[in-house]
Number of protein chains: 2
Amino acid sequence: MRSEVILIVDDEFRIRKLLRAYLQKAGYRVEEAADGEAALQCIGKDISLVILDVMLPKLDGWAVCREIRRRHDMPIIMLTARADEADEIHGLDIGADEYVTKPFRPQALVARVKALIRRVKPVSTGLLNFGNLLVNDRAHEVWLENGLIDLSPKEYDLLLYLARNTGIALTREQILNEVWGYDYFGDLRTVDTHITRLRLKLGGECKYIQTVRGLGYRFEGPP
Amino acid sequence: MRSEVILIVDDEFRIRKLLRAYLQKAGYRVEEAADGEAALQCIGKDISLVILDVMLPKLDGWAVCREIRRRHDMPIIMLTARADEADEIHGLDIGADEYVTKPFRPQALVARVKALIRRVKPVSTGLLNFGNLLVNDRAHEVWLENGLIDLSPKEYDLLLYLARNTGIALTREQILNEVWGYDYFGDLRTVDTHITRLRLKLGGECKYIQTVRGLGYRFEGPP
DNA sequence: TATTAATGTTACAACTCTGTTACAAAGGTT
DNA sequence: AACCTTTGTAACAGAGTTGTAACATTAATA
């Protein structure tokens with residue numbers, strides 16, 4: 001069993017069933033979504049590649065593709081009903097990696113999935129995903145509950161450092177050294193203030209940033 | 001498949017074959033060496049544990065063991081042909097972790113391999129495991145019976161110091177020096193108070209922290 | 001058993017640590 | 001220049017922590 005999860009987005013049950021069968025035979029795990037909104041809700045999960053039909057209820061494939069692209073660097077294969085529709089999409093340059101025209105041979109689709117996964121895998125995505133929190137360092141963006149949040153430069157650097165050391169208790173000194181730089185000699189309590197501001201922006205209870213009394217702070221992903 | 005690699009050093013092909021079969025069945029990967037020099041050349045590779053015969057061509061097992069010890073902190077199980085040879089080695093205190101006398105039951109050897117791997121592995125990860133008690137120093141967390149317990153900074157430092165010196169009787173002075181710092185000059189009985197508080201949080205009988213009357217305290221793992 | 005020494009336990013006041021807010025300086029933008 | 005955002009420090013309150021002393025209990029010794 002491979003570790004990659006493929007998300008199939010199609011409103012036709014028979015198509016999903018067909019694709020699931022072929023992909024699972026090839027060793028992939030499969031998630032399904034029947035409409036555009038369901039698809040976007042799956043993106044928070046650990047998905048490696050998306051197969052996306054253009055014709056979808058609620059939110060069409062183009063919109064879903066754009067939305068995914070804004071937040072993730074994830075391979076997308078779009079399924080189009082007719083060849084001329086595919087051309088149109090090419091022209092729009094939505095950002096999908098492949099376009100496949102229905103009807104298609106499942107084996108051919110699986111081959112493209114393999115190729116895309118192989119190509120993408122070695123690349124470090126620069127994405128840190130924690131439940132409803134996403135730190136996209138490539139884009140320098142932080143998403144919370146599917147909404148972009150606005151952080152000051154220091155807040156961003158601090159969050160990035162914490163998130164990159166998930167589960168590790170860090171002293172104020174470590175944090176100051178890594179985020180402010182080794183040549184910075186300021187008050188240790190400065191860290192506290194920034195932690196407070198970060199917690200505020202990360203919302204209510206903020207389960208992510210834990211206090212380690214007598215030591216410093218620790219970032220925790222979801223359980 | 002486990003990730004640990006076991007190195008078997010023995011000049012008898014049949015012994016290597018036998019051990020390989022049992023260890024692979026237990027999920028370990030196996031490397032082989034037929035003489036002492038070949039053994040030392042394998043040490044550069046990512047080996048987790050060595051099973052080492054005493055009688056070897058080119059460089060005998062004792063020399064190999066010493067050489068490994070000079071460079072690595074790696075579990076070593078020595079195989080000796082007769083019991084009296086084993087005694088001799090015990091006396092020499094070469095530094096092996098276990099001595100097994102031929103002929104041996106392969107299952108017993110595999111059990112020792114498992115035990116040693118389990119014991120050594122957490123050290124590198126900052127984890128101290130004692131039955132139902134786990135001290136995770138990276139996260140600065142203490143788990144008891146699968147539940148997180150809340151310790152004050154001093155309690156944590158004290159527990160960590162004790163746990164890192166499992167089985168060793170420590171005087172109040174030693175504890176004060178190591179946990180409170182060499183520049184601290186307070187009442188020795190302060191240690192007692194903190195021990196009490198720790199025992200309370202570690203639950204009822206608290207078999208972990210033993211009193212050594214007239215001396216101090218000793219941390220004990222499970223039997 | 002009586003005595004003594006050592007350890008366990010509890011209470012509490014002093015202290016430390018953290019969250020928070022306020023504020024002024026610094027830096028950038030219009 | 002006026003404005004806004006960001007940033008570091010200081011101050012304060014409240015919660016949590018800590019060391020000591022006093023008393024209780026246990027173990028060793030005579």
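Below, chain A is the first sequence line, B the second, and so on; all start at residue 1. What you see below is based on every heavy atom in this structure, not just the backbone, and it leaves out hydrogens, waters and symmetry mates. The model shown is predicted, which means the values in this text are computed figures rather than measured ones.
Taking atom CG of B:L158 as the reference point, atom P of D:dG19 lies 11 Å away to the nearest angstrom. A:I209 places its CD1 atom 14 Å from the C1' atom of C:dT18, with the value rounded to the nearest Å. In this entry the distance linking CH2 of A:W180 with P of D:dT7 reads 9 Å, nearest Å. Atom NE2 in A:H194 sits roughly 4 Å away from atom P in D:dG8 (whole-Å rounding). Regarding B:Q210, its CD atom lies at a distance of 13 Å from the P atom of D:dA27, rounded to whole Å. A straight line from CD1 of B:I175 to C1' of D:dG19 spans 16 Å, rounded to a whole angstrom. Protein atom CG of B:D187 is 14 Å distant from nucleotide atom P of C:dA6, rounded to whole Å. A straight line from CZ of A:F185 to P of D:dT9 spans 13 Å, rounded to a whole angstrom.
Although no hydrogens or angles enter the test, the distance criterion places no donor-acceptor pair under 3.5 Å between the side chain of B:K201 and the main chain of B:I149. Side-chain N or O atoms of A:Q174 include one that pairs as donor or acceptor with a backbone N or O of A:T171 at under 3.5 Å. For A:Y208 (side chain) and A:F130 (main-chain N/O), a donor-acceptor pair under 3.5 Å exists by modelled atom type.
In terms of the salt bridge (charged side-chain N to carboxylate O under 4.0 Å, His left out) criterion, residue partners of A:R164 (sequence neighbours excluded) are, by chain and number, A:D137.
Nearest heavy atom pair, residue B:R199 against residue B:T211, reads NH2-OG1, 2.8 Å.
Residue B:Y184 is in sugar-phosphate contact alone, with no base atom involved, counting any heavy-atom pair closer than 4.0 Å across all strands shown. Counting any heavy atom pair closer than 4.0 Å across all strands shown, A:T190 reaches a base atom.
With a 6.0 Å radius and a threshold of 12 heavy atoms from other residues, nucleotides or ligands, B:E173 has its CD atom at or below the threshold.
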Between the protein and nucleotides 7-11 of chain C, which nitrogen or oxygen pairs are less than 3.5 angstrom apart?
residue	atom	partner	partner atom	Å
C:dT7	OP1	B:G214	N	2.6
C:dT7	OP2	B:R172	NH1	3.3
C:dT7	OP2	B:R172	NH2	3.4
C:dT7	O5'	B:R172	NH2	3.4
C:dG8	OP1	B:R199	NH1	2.8
C:dG8	OP1	B:T211	OG1	2.5
C:dG8	OP2	B:Y217	OH	2.6
C:dG8	N7	B:R189	NH2	2.8
C:dG8	O6	B:R189	NH2	3.2

